[in-house]
Amino acid sequence: MLDMKLLRERTEFVRERLATRNAGDEARVSEVLALDESRRAALAEAEQLKARRNSTSKEIGGLIAQKRLDEAEAKKAEVRALGDRITELDKTAAHSEVARDSLLMMIPNLPHASVALGKDAADNPEIRVHGQKASFEFTPYNHVELCERLKLIDFARGAKLSGSGFLLYTGWGARLERALINFLLDLHQREHGYTEVAPPYIVGEHCMIGVGQFPKFRDQAYAVQEGLDTSTMGKLYLVPTAEAPVANIHREEILTEKQLPVRYCAYSPCFRAEAGAAGLGTRGMIRVHQFDKVELIKVVHPDQGYEELEKMVHNAETVLQRLGLHYRVINLCTGDMGFAAAKTYDIEVWAPGQGTYLEVSSCSNCEDYQSRRMNLRFKRESDGQNLFPHLLNGSGTALARLFVALVETHQQADGSIQVPEPLRPYLGTDVIPLAS
RNA sequence: GGAGGGGUGGCAGAGUGGUCUAAUGCGGCGGUCUUGAAAACCGCUGUGGGCUGACGCUCACCGGGGGUUCGAAUCCCUCCCCCUCCGCCA
């Protein structure tokens with residue numbers, strides 16, 4: 001969430017930055033300020049009265065010790081009256097604070113100054129392009145056709161098991177998926193300096209709030225219930241991304257400055273309800289309820305946030321380069337950015353069978369927006385101050401769409417798929433053969 | 001699922017209604033002494049909020065929330081977490 005102090009002291013700046021998102025959030029700023037004002041007023045008065053109550057209570061203790069009971073009783077009556085007023089003021093302060101914070105939780109992060117102004121995806125500037133679109137001397141198949149011919153995925157039975165939007169990987173398909181996961185983890189862990197972690201795939205709602213998924217996007221998550229106990233419903237959620245558990249690893253901690261930067265990579269399946277999303281009715285792997293992903297997370301000093309973001313994007317790009325895939329990097333404009341992000345790069349890989357680019361990675365610096373929500377801090381060595389670090393997350397990369405781009409790009413005239421060199425040791429073959 | 005035991009500062013650990021402004025020990029930081037170090041001694045050593053131009057003043061926090069009381073680490077209710085044993089289980 002945003003810094004209340006910033007909101008108070010630089011109100012117009014906050015309004016202007018929010019307005020660039022084109023979502024109307026700037027309209028809520030005055031309401032937040034009013035609630036904050038009412039909270040502080042009540043608090044100031046309550047604390048003054050509490051100071052008096054504390055000192056008088058001590059006097060009462062002294063009077064009782066000296067057996068001056070009448071005087072003690074008189075003071076008791078006096079303090080009792082104070083107590084009623086204190087209760088009232090505490091309630092006002094608490095209510096204002098709850099109202100203020102629940103509003104604040106619904107306000108997105110401020111876009112970084114370097115982010116292009118824009119309304120939607122059409123305004124996203126292209127940053128760079130790698131390679132070029134694959135060309136074929138034959139008519140290339142799309143990934144659905146390839147998966148069926150090579151029996152990589154059994155779409156029908158996936159749907160039979162769990163409904164549309166769920167995939168059953170089979171044979172070489174299952175092995176390719178597993179090979180990719182291992183390749184990605186090894187790459188980031190061995191070559192890019194990330195510490196590998198294997199997080200829970202179910203998290204408490206406080207973690208979802210911490211990364212900014214909740215309260216705004218509660219409808220996108222799969223809530224979990226324990227058996228028949230309906231009272232447990234909605235306390236735990238299937239992770240929509242490994243960001244949810246991994247970014248929260250150090251929540252409510254005060255790290256030393258020396259511990260930074262912290263870099264984690266993690267594999268997890270990702271579960272997305274995709275309520276109301278378009279394109280889910282059709283077959284394929286582009287938009288599904290469950291997919292695999294290797295996620296990159298960094299906790300860094302605020303001075304290094306943007307430098308580390310650039311490195312993270314390059315780490316994700318390396319994946320596509322090694323696999324011989326054509327892609328472009330774009331920078332999300334102010335109107336297209338996610339809720340918690342201050343700046344986001346998307347990486348889109350070319351899928352020749354689809355004839356489109358597919359988003360396989362989204363790398364963001366959320367600055368202190370999430371660390372403030374989860375109360376994650378570090379102690380600055382020079383003056384002992386506790387500061388909020390920058391929190392970064394990026395896909396390194398999403399698997400299902402990477403799978404699509406890979407099979408579509410490396411398909412051969414004979415119907416087989418050429419396995420990119422770095423993947424061969426993982427898969428144990430150079431070629432995925434046409435199914436008999 | 002059943003039974004029991006716990007949750008207090010960076011750590012260990014006392015405190016069961018009133019100088020708790022939380023003892024004591026360890027660790028850490030600074031100082032004295034020393035050529036240097038150790039030892040010894042002295043001092044400091046949590047988090048968040050509010051008020052103030054500032055020096056400062058003040059409030060809250062002993063797992064979370066609520067209650068009793070003039071006053072709560074301490075009593076009551078409730079929730080969470082951890083540990084031990086039993087049962088079930090990959």
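Naming convention: chains lettered A, B, ... in sequence-line order (proteins, then strands); numbering from 1 in each chain. Computed from a predicted structure; not experimentally measured.
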Aromatic plane relationship, A/His192 with A/His188 - under 30° parallel, 30 to 60° tilted, over 60° perpendicular: tilted
Distance between C1' atoms of B/A73 and B/U21 (Å, rounded): 14 Å
P gap between B/C11 and B/G27, integer Å: 16 Å
Test of ring centre spacing under 6.0 Å for A/Phe378 and A/Phe388: no
A/Lys216: side-chain contact (heavy atoms from CB on, under 4.5 Å) partners, not counting sequence neighbours: A/Met106, A/Phe339
Nearest-nucleotide 5' precedence on RNA chain B, A/Ala44 against A/Arg53: A/Ala44
Qualifying side-chain hydrogen bond (donor to acceptor under 3.5 Å, both in side chains) pairs, either residue in residues 196-205 of chain A, two or more places apart: A/Glu205-A/Arg218
Note: A/Glu97-A/Arg39 ion pair, threshold 4.0 Å (strictly below): yes
Contact residues, residues 69-81 of chain A to RNA chain B [heavy atom, < 4.0 Å]: A/Lys76, A/Val79, A/Arg80
Aromatic plane relationship, A/Tyr264 with A/His250 - under 30° parallel, 30 to 60° tilted, over 60° perpendicular: parallel
Flag, side chain of A/Arg380 to backbone of A/Gln385, donor-acceptor distance under 3.5 Å: no
Spacing of the P atoms in B/G65 and B/C29 (rounded, Å): 34 Å
B/G28 and B/G17, which share atom name C1', separated by this distance in whole Å: 35 Å
Touch class at under 4.0 angstrom, heavy-atom based, for A/Arg372 against every strand present: nothing
Sugar-phosphate only, base, or nothing, as touched by A/Lys235 at under 4.0 Å among non-hydrogen atoms: nothing
A/Asn386 or A/Lys50, whichever maps to the more 5' nucleotide of RNA chain B: A/Asn386
Touch class at under 4.0 angstrom, heavy-atom based, for A/Leu43 against every strand present: sugar-phosphate
Touch class at under 4.0 angstrom, heavy-atom based, for A/Arg52 against every strand present: nothing
Plane angle bin for A/Tyr306 and A/His390 - parallel if under 30°, tilted between 30 and 60°, otherwise perpendicular: perpendicular
From CA spacing to verdict: salt bridge (charged side-chain N to carboxylate O under 4.0 Å, His left out), A/Lys151, A/Glu148: CA-CA 5 Å; A/Lys151 295 202 188 323; A/Glu148 288 182 333; over 6 Å; no
Rounded distance in Å between the C1' positions of B/A22 and B/U78: 26 Å
Salt bridge flag under 4.0 Å for residues A/Asp36 and A/Arg40: yes
Separation between the C1' atoms of B/C75 and B/C86, rounded to whole Å: 33 Å
Sugar-phosphate only, base, or nothing, as touched by A/Leu82 at under 4.0 Å among non-hydrogen atoms: nothing
Nucleotide range of RNA chain B lying under 4.0 Å from chain A heavy atoms: B/G18 to B/G71
Structure string for RNA chain B in dot-bracket form, Watson-Crick and G-U at under 3.5 Å, | interchain: ((((((((.[[[..)..(.....]]]((((((.......))))))((((((....)))))).[[[[[..)....]]]]])))))))....
Carboxylate-amine/guanidinium proximity below 4.0 Å for A/Lys311 and A/Glu308: yes
B/U69 and B/A14, which share atom name C1', separated by this distance in whole Å: 26 Å
Contacts of type side-chain contact (heavy atoms from CB on, under 4.5 Å), residue A/Leu110, not counting sequence neighbours: A/Leu2, A/Leu6, A/Phe13, A/Val14, A/Arg17, A/Leu18
Pairwise C1' distance for B/G50 and B/U45, with rounding to whole Å: 25 Å
